[in-house]
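These notes are about the structure you will find just below.
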Amino acid sequence: MELEDFADPWEHIRMLQDADRNEAIVAALEAHVAGARVLEIGAGTGLFACVAARLGASHVVAVEASSFAEVARALVRDSGLAGRVEVVCAHLDELEPREVDVAFGELLNADPFAEGIVQTYASARRWLAPGGVLLPSRLRVSVALVEDSAPAEVRRAHEQLRSLGERFGLRTAPLMERLTPTEPYRYLAPSVRPVGQAPLVDVDLAQGTPILPERWEVRVRVLERARVGGAAILFEAPMGPTSIRSGGHFGVLVQGFARAYDLAPGSALDLQVVRDDEDRLVVTPCV
Ligand SMILES: C[S@@+](CC[C@H](N)C(=O)[O-])C[C@H]1O[C@@H](n2cnc3c(N)ncnc32)[C@H](O)[C@@H]1O
């Protein structure tokens with residue numbers, strides 16, 4: 001994702017309407033920031049930098065690379081927090097570290113590495129005083145098999161073709177076939193029902209992970225009979241007392257396969273997961 005996307009108010013509207021995410025951040029701040037020097041990594045609107053100050057942080061540096069830094073500055077000023085919250089408009093990697101006790105941020109979207117969390121948190125670790133806290137501390141990513149991989153739009157278009165075809169006596173089957181994607185495709189589902197799941201990688205953001213692989217092979221077993229049509233990327237990022245999880249404001253990333261696989265209970269599908277040059281995870285069956 002381009003950082004300048006975050007100059008778009010809709011990105012922030014989508015994040016802020018996600019009450020579970022917001023409460024996870026607030027709970028983490030309640031647990032860690034009283035009396036602390038704090039860094040917010042990617043402050044966006046500046047809301048949580050201000051919450052950290054209200055929860056007793058002694059000083060907050062709110063770093064935001066996009067032009068939304070201006071919005072954050074206005075919130076800080078209007079809330080009477082100018083002496084305690086400092087908004088810096090820059091990419092974190094470009095800044096000289098200053099010592100803080102807590103660094104927190106939320107650089108996750110449906111594709112968990114696509115916002116550069118691993119690289120940016122490596123920069124954030126350089127700001128931490130000995131014993132300092134980085135939030136979230138880990139990023140656990142897994143792959144889940146799902147039965148229905150057709151995006152809602154494809155399914156709805158097919159339903160319409162079927163019903164209009166019946167109503168007006170049209171032969172829509174060839175059209176339906178033509179309008180069925182055969183290339184692997186990606187879409188965001190509001191939620192998914194996994195029929196099998198396997199861990200992919202557990203990144204220790206606080207300690208640093210040596211080198212993130214560019215490619216994994218994972219075997220995912222199903223517990224029930226299933227016609228598997230795609231794979232979903234799931235993640236969990238522990239944030240103090242709670243976690244930020246996939247499926248919030250962005251939905252869950254699902255990648256449809258070019259064909260469906262009929263799997264008996266207990267059988268498995270081998271998947272290849274590749275991190276592409278934009279750090280997106282691309283899942284394909286190994287068969
Ligand atoms: C997912 S949004 C979170 C915004 C805000 N912290 C919140 O929780 O509502 C991530 C924000 O981090 C900013 N960002 C991402 N990587 C950054 C980096 N390396 N340095 C500074 N800002 C960054 C983006 O521009 C964006 O506004």
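All ligand and atom numbering here is 1-based and tracks the order in the structure. Positions are given from 1 along the sequence.
Checked by atom type and distance alone, the side chain of Gln17 pairs as donor or acceptor with a backbone atom of Arg14 at under 3.5 Å. Although no hydrogens or angles enter the test, the distance criterion places a donor-acceptor pair under 3.5 Å between the side chain of Ser66 and the main chain of Phe68.
At a 3.5 angstrom cut-off on N or O pairs, Phe48 does not count as close to ligand 1. For ligand 1, the polar-atom distance check against Met15 finds no nitrogen or oxygen pair separated by under 3.5 Å. Annotation: Leu108 places no N or O atom under 3.5 Å from an N or O atom of ligand 1; distance criterion only.
Listed by number with element, the atoms of ligand 1 under 4.0 angstrom from any heavy atom of His12 are 27 (O). Per-residue contacts place Ala43 under 4.0 angstrom from the following atoms of ligand 1 (heavy atoms of the residue considered): 5 (C), 6 (N). Each of the atoms 7 (C), 8 (O), 9 (O) of ligand 1 lies under 4.0 Å from some heavy atom of Arg21. Shown in contact with Ala90 at under 4.0 Å from a heavy atom are these atoms of ligand 1, numbered in order with element: 20 (N), 21 (C). The atoms of ligand 1 that sit less than 4.0 Å from any heavy atom of Glu106 are 1 (C), 2 (S), 3 (C), 10 (C).
Each of Leu39, Val100, Ile41, Val102 was compared with Leu134 under the side-chain contact (heavy atoms from CB on, under 4.5 Å) criterion, and only Ile41 meets it. Remark: of the listed residues Val60, Val71, Val87, Val87 is the sole one forming a side-chain contact (heavy atoms from CB on, under 4.5 Å) with Val76.
Leu223 is linked by a side chain to side chain contact (heavy atoms under 4.5 Å, CB included) to nothing, counting only residues two or more places apart in sequence or in another chain. Evaluation of the salt bridge (Lys or Arg N to Asp or Glu O under 4.0 Å) rule for Asp20 yields no partner, not counting sequence neighbours.
Across the listed options Glu64, Glu40, His91, His249, Glu64 owns the non-hydrogen atom lying nearest to atom 13 (C) of ligand 1.
Both Leu128 and Leu29 are members of a single hydrophobic cluster when ILVMFWY side chains are connected at heavy-atom separations under 4.5 Å.
Judged by the 6.0 Å and 45° rule, Arg259 forms no cation-pi pair with Phe257.
Contacts between Phe68 and ligand 1, counted as non-hydrogen atom pairs separated by less than 4.0 Å, are absent for every part of the residue.
Distances from ligand 1 to the non-hydrogen atoms of Thr120 include at least one value under 4.0 Å. The closest approach between Leu107 and ligand 1 falls below 4.0 Å for a heavy atom of the residue.
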